[in-house]
Amino acid sequence: MTDLAKAYDPSLVEDRIYADWLAKNYFHADANNSKPAYSIVIPPPNVTGVLTMGHVLNNTIQDVLIRHARLQGCETLWLPGTDHAGLATQTAVEKALRKPDELPKTVREVLESLDHVWDKDAGKPKMALTRYNIGREALLKLIWAWTKDRGGIIIQQLKKLGCSCDWERERFTMDTDYHKAVINAFIDLYNKGYIYRGKRMVNWCPASHTAISDEEVIPTPQKGKLYTMRYEVVELPGTFIEIATTRPETLMGDTAVAVNPNDERYQHLHGKHVWRPFPKAQIPIVADEHVDFEFGTGVLKVTPAHDKADFEIGKRHNLPVIDVLTPDAKINCPDVPELHGLDRFDARKKSAEMLQELNLLVKEDAYENNVGFSERGQVPIEPRLSEQWFLDYRKMLNGKMIPEALNMVLGKHIKFHPDRWEKVYSHWLENIQDWCISRQVYWGHRIPVWYKGAEVACQESSPGKGWEQDPDSMDTWASSWLWAYATMDDTTRKKFYPTSALVTGPDIIFLWVARMIMAGLEFNPANSEKLEDNIAFKDVYFTGLIRDRQGRKMSKSLGNSPDPLDLIAKYGADGLRFGLMRIAPQGLDIRFDEKQIEEGRNFCNKLWNACRFRAMQGDIDAHADPFSKQLTPYAAHILARLDEVILKVDEAFKKFEFSAVAGALYEFVWDDFCSRFLETAKADFADANSPTREGTLATIDYVLSKVLRLLHPFTPFISEEIWTEFGFGKNTIQFAPWPAVSGKTLDNSAVEQAQHTYVLIDASRRLRGEFQIALNKKLNFKLKRDTALSTSESALLPSLIGAETLTIISQALEKTPVAITPLGDLYMPLEGLIDLDKERERLEKELAKAQANLERENKKLQNSTMLAKAPAEKVAEWQALKADAEAQITKLSEQLKSLK
RNA sequence: GGAGCUUUAGCUUAGUGGUAGAGCGUCCGCUUCACACGCGGAAGGUCACUGGUUCGAACCCAGUAAGCUCCACCA
């Protein structure tokens, strides 16, 4: 037996073990194997992204599921890959091109080879490096180079985390095969008549010059103004009607004003006209149900080109559509030179001034409303009329898509965990809008549609000379919705599709999860008549969000997200995984605190040292059978506890309750195994002639061999290291059988006594109720529940509750009719109001405590600045504690005030 | 406007009707030969609030408050 180090050092273990796993090809899934299949496809991260805490949570859960299934004897496939992330990646590269000197070498080389933009002699670009100057082909070359340079990063990081993906099957959404699948899906939907091209209002991002989907628009509260202006009625000179608007800069695009047909104030105006001030024109007054007569003045200016609702009104009343904005949201209206060419926000002020001059502005009110912001461009989106490609979900599956997609989830063919997300899913499906699948982005799968004059063809390659391809590409999600099957070849698909589980955040339930379900149903990847054979996955586990100590989302911009690689370096991948899993309850947000990861690391060290202790006692018996040996009561007890834990773990795994699994194992290892059992085992080891020594050793070996496997899904590295070090198996722990309960009945006084104790406690709890009923009967209380102790049960009372307790209770009953706890303590009901003096006293006590806390932290901080010794992380911790204390003081002071 | 989630010790939280638990932090004591990433001990809880159901509520029901999230609307 080799000596184990005093403290477990993951950095000496993890990389070596991972390399060994890869070398032995343990993660590769064999599609021809007869073992039951278990498969997961990774939610593909952005190809150029880096690992975040969200990824760590997400992928740890997937690895836990995969490793658990592998131990259970399944043939497991965890299919990894990355997403080209169209707009996001293109935006990132365009941004990087602004600083050519900081580009990665390989990208820079491509840039320097582009003669039309790169000045070789001057060693700098000839012009601003925008996508228009660079051009489609060249920009794509640059993005490919960028992707190749950055693309491996996140994959390497997943390996550091210990993910057991089948790297031979790694896919990218721009791979040739995958590209074909995406294009063919489009052509298929087009041929079936589900896809159409149409002029529709889309969310236009003026920064990135593309349409974006509703899901990518973030409503953001904005402080603005509500302008009330007045238009003169043409037919009634001198009569004005007042109109409220937040966007006077679009009034050149007004082609009507609208009132509610039931609004009595304006009924005499139906069919008449008003003067639009600039450019001056007569526009009709129309009556439309959409108008809310409570809002503003009850009159709405109708700008069909620049508002979704107005566009619909325009359609209903056959109004002309006048576009007065350029693609980058500048005013395009040569008839009004004062505004022409102005930015939309400057034009807003200017047009208000112009109305003022014409004496048509009644008032300006401060007003807060929600404005849709582009997720990528960080600017307000502009509703804009443009030619786009749409998918009509409702037509899919011969018009049955919506009910069938609902049925798959509500009928539990696909199970959501937690199931409350079913409601969100069905609400969205029931109110579904057509999907705008075209994007004005170069990076992505180009729309396979070709034009020649009025002719249109939908096919993979050009029909011939003179045909031009649609310049747009497809929404990223219109490629990733095929991820669950288009990543697999036929053989793989036969064995592993539908996939077993999907692990993802609820934020992409519409963007991705729902669409993957629909893609499975529509495209029949299982080649089966039965729809339920084509579901993309059987279980969906929705993770929570990771928040910081203050409860804020973790995000790059806030800088509150720790780098997972730093955490791995500090605590080990196992520590990070275990710490995170222990605090990640199903579907709830996680308030992240590094302390929790520290606990994970400490736990690994505890396990390591338990093994070290065992190693000191002599050789390990890999096939130890404690049941055939003489055992101490403690050994019998821990063996019984082990069975309990295995049952608990199996139960929790079935319900996807990973924190319950991790928690149960933590308690078992630390409290039962280390604190109780190993401490008592020391007696056996101190006495060389102890008759139970053999049994105790065997018990330790037996428990360890099982515990290591139970822990392996969470802490793969340390469990593998000890497993091989101790020789529990010739091979990796990964394919060892999942532990089952021993099934042995232990005839042992300790176990019996423990069980007896538990039974007594339980019985006394249950009996308490019945006992109390009996007591109340004696006191002539009116009982609603008609249960009483039988004679034999009553006879048992003294033995179960204890004669002494019974006496106390009887005595108490003489004095006052009160409720009684099982232990015989008297419980006095609170009478009347809270004692204000006592409450004040309590608050003052708490306040003093909080102030003391604050002082203590202040002192520490002061000392740390003076001595300049404390590490930065400690200082940060003290600052957090200080903030906590301050918050507490504010809260308490307020409570005290309200009392006085 | 609609829906969902959360509220337990200073902090992070466990707890599916029966004596309120853990880790961290704090305070006290220990370098005891597995582990100071540790061990032993202490202090610290009107379980957000109000009502209801119940012999009994942190837990079930109703309402209130605060915080978070999603959907819809937003002239």
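Side-chain atoms are counted along with the backbone in the values below, which use heavy atoms only and exclude waters and symmetry mates. Convention: sequence-line order gives letters A, B, ...; per-chain numbering from 1.
Between A:Arg591 and B:U12, a side-chain N or O to OP1/OP2 separation shorter than 4.0 Å is present.
Listed for the A:Asn609 side chain is a donor-acceptor partner under 3.5 Å among the backbone atoms of A:Lys6.
For A:Lys595, taking side-chain heavy atoms from C-beta onward, the closest of the listed nucleotides B:G38, B:C70, B:C24 is B:C24. Out of B:U12, B:C24, B:G4, the shortest distance to the side chain of A:Lys423 is found at B:G4. Of the candidates B:G23, B:U69, B:C71, the closest approach to any side-chain atom of A:Arg547 belongs to B:U69.
In this structure, A:Leu226 reaches the sugar-phosphate backbone alone: every heavy-atom distance under 4.0 Å involves primed, P, OP1 or OP2 atoms, never a base. Residue A:His290 is in sugar-phosphate contact alone, with no base atom involved, counting any heavy-atom pair closer than 4.0 Å across all strands shown. The residue A:Asp307 sits close only to the backbone: its heavy atoms come under 4.0 Å of sugar-phosphate atoms, none of a base. Counting non-hydrogen atoms under 4.0 angstrom, A:Val291 reaches a base of the nucleic acid.
Whole-Å rounding puts the A:Arg601 CZ to B:A36 P distance at 11 Å. In this structure, A:Phe510 places its CZ atom 8 Å from P of B:A72, rounding to the nearest Å. Atom CD of A:Glu667 is separated from atom C1' of B:U13 by 13 Å (rounded to the nearest Å). Between the CD atom of A:Gln596 and the P atom of B:A14 there is a distance of 10 Å, rounded to whole Å. Whole-Å rounding puts the A:Glu599 CD to B:C11 P distance at 16 Å. Between the P atom of B:U16 and the CD atom of A:Glu651 lies a distance of 14 Å, rounded to the nearest Å. When rounded to the nearest whole Å, the span between CG of A:Asp671 and P of B:A22 equals 10 Å. Whole-Å rounding puts the A:Phe603 CZ to B:G38 P distance at 12 Å.
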Dot-bracket encoding of pairs in RNA chain B, which uses [ ] for pseudoknotted crossings and | for another strand, Watson-Crick or G-U under 3.5 angstrom: (((((((..((((....[..)))).(((((.......))))).....(((((..]....))))))))))))....

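Rounded to the nearest Å, the gap between the C1' atom of B:C74 and that of B:C24 is 46 Å.
Under the 6.0 Å distance and 45° angle rule, A:Lys682 counts as a cation-pi partner of A:Phe613.
Aromatic ring centroids of A:Trp421 and A:Phe542 lie under 6.0 Å apart.
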Heavy-atom protein contacts under 4.0 Å, nucleotides 30-35 of chain B, coded B base, S sugar-phosphate only, - none: ----BB

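Between A:Lys301 and A:Ala7, the residue anchored closer to the 5' end of RNA chain B is A:Ala7, taking for each the nucleotide with the nearest heavy atom. Both A:Asn602 and A:Gly298 sit near RNA chain B, but only A:Asn602 has its closest nucleotide nearer the 5' end.
Between the side chains of A:Tyr231 and A:Asp254, at least one donor N or O lies within less than 3.5 Å of an accepting N or O.
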